[in-house]
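Structure record follows, encoded as structure tokens.
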Protein chains: 2
Amino acid sequence: MSVSPPPITRFERLQRLARRFPQLDTSGLETCITLLRLSNDLSDAYDASLARHGLSKGRFTVLVRLFSTSEAEDGRGLTPAELAENSCVSRATMTGLLDTLEKDGLISREDHPEDRRMYTVHLTPKARQLLEGMLPEHYRRVAALMSPLNEQERVTLRELLAKVSTGIPAFREP
Amino acid sequence: MSVSPPPITRFERLQRLARRFPQLDTSGLETCITLLRLSNDLSDAYDASLARHGLSKGRFTVLVRLFSTSEAEDGRGLTPAELAENSCVSRATMTGLLDTLEKDGLISREDHPEDRRMYTVHLTPKARQLLEGMLPEHYRRVAALMSPLNEQERVTLRELLAKVSTGIPAFREP
DNA sequence: TCCAGATGGTTAGCCACCAAATCATCGACC
DNA sequence: GGTCGATGATTTGGTGGCTAACCATCTGGA
């Protein structure tokens, strides 16, 4: 009866790879993987939370952006292109988001006063009611998520993330 | 002729929202949004980089995991469930990934010696050749991505991310 | 020994997102 | 004033991921 060998850890496998590929920067890869995994987990949690209200990240982002703009600039609507830019999705995706939001009675499309290629998007009363009902809870959740970090740590985290983002162009290079 | 009013900044809209919803923790939300945006950008860059070699994040993760395991434990294969766990995807998704990897001649499925419900997954020589060709370049890229952070900053970033991840369960709560 | 529940892989159907091609309109220039 | 490139929205077709329901196999207890 043979005894099974001790399991190889993730760290050991990484060390071996690093020996074989000298270009591998162990701490950099470790950090990158940590970041990608957390992103995934956070993104999933965010989606699950919004799903209770029949929303996705994209739908929610659109509604909140419309809400905050209309609060600040009294009823101003936004164009699909502005919303796509703000939500970091393609314009094609925005068309789809707006279609379903309109079907659900949460937004309306209105003629753009100056340019007939475009239209402006506005929240319906139903959407305002939905947001006013859910945002307190949602913001409470986000506050709970971030509560393990004190003010200084939050600043530091944002700074470090900003540094990583400066590296992205280099990542994309030939 | 009227002069258009100054544009409202993202920060101003956030301030207004915070006045309206006292549950809104401005610095927390700001940090959360920064994190989600960077994740998105990084994820896109990662995908674009892998796409040059006909891979996606999921496909790549599977291949590298098989590679490093077979290096460390001389030819050991992994089961779909182990791979799904390692790659943070559902088992259903893993089935799909393995189907296309097999169709592309990058992995083979072999009978599991002890349990007929399972099989083990192995890299083909073609996959080894692909990885050996692309990994030096890939790891060089990751190193470049992380080069704006020094060693201490990387440690700090990982620690802060770990703290955020402790907040995720609270985020999911009722 | 045999059956019930656990476990592993697959299937079917859904959703969010994207790029590329398409169509309408705008605006600038001859 | 007409034409042509730019711009905005949409359509089409494809990818990657998920859950839920399914079937096969294993395993532990009556």
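Order of the sequence lines fixes the chain letters, A, B, ..., with proteins taken first and strands second; residue numbering starts at 1 for each chain.
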In whole angstroms, how far is the [atom2] atom of [N] from the [atom1] atom of [X]?
X: Asp99(A); N: dT10(D); atom1: CG; atom2: P; answer: 6 Å
X: Met118(B); N: dC26(D); atom1: CE; atom2: P; answer: 9 Å
X: Leu78(A); N: dA9(D); atom1: CG; atom2: C1'; answer: 16 Å
X: His112(A); N: dG27(C); atom1: NE2; atom2: C1'; answer: 15 Å
X: Tyr46(B); N: dG16(D); atom1: OH; atom2: C1'; answer: 17 Å

### Task
Give a yes/no on whether any side-chain N or O of Tyr119(A) is located under 4.0 angstrom from OP1 or OP2 of dT10(D).
yes
Extract from the structure each pairing of a protein N or O with an N or O of nucleotides 15-18 of chain C at less than 3.5 Å, listing the distance.
unit_1	atom_1	unit_2	atom_2	d
dC18(C)	OP2	Ser90(A)	N	2.8
dC18(C)	OP2	Ser90(A)	OG	3.2
dC18(C)	OP2	Thr93(A)	OG1	2.7

Decide yes or no for [X] and [Y]: does some side-chain heavy atom of the first lie under 4.5 Å from some side-chain heavy atom of the second?
X: Phe67(B); Y: Arg128(B); answer: yes
X: Thr69(B); Y: Arg13(A); answer: yes
X: Ser87(B); Y: Met94(B); answer: yes
X: Glu12(B); Y: Thr9(B); answer: yes

### Task
Check whether the side chains of Arg158(A) and Thr31(B) place a donor and an acceptor atom closer than 3.5 Å, and report yes or no.
yes
### First of Thr95(A) and Arg117(A) reached from the 5' end of DNA chain D, by closest nucleotide
Arg117(A)
### Residue closer to the 5' end of DNA chain D, Leu98(A) versus Asp115(B) (nearest nucleotide)
Leu98(A)
### Task
Assess whether one donor atom and one acceptor atom, taken from the side chain of Arg116(B) and the base of dT25(D), lie less than 3.5 Å apart.
no
### Query
Would you say the ring centroid of Phe21(A) lies under 6.0 angstrom from that of His138(B)?
no
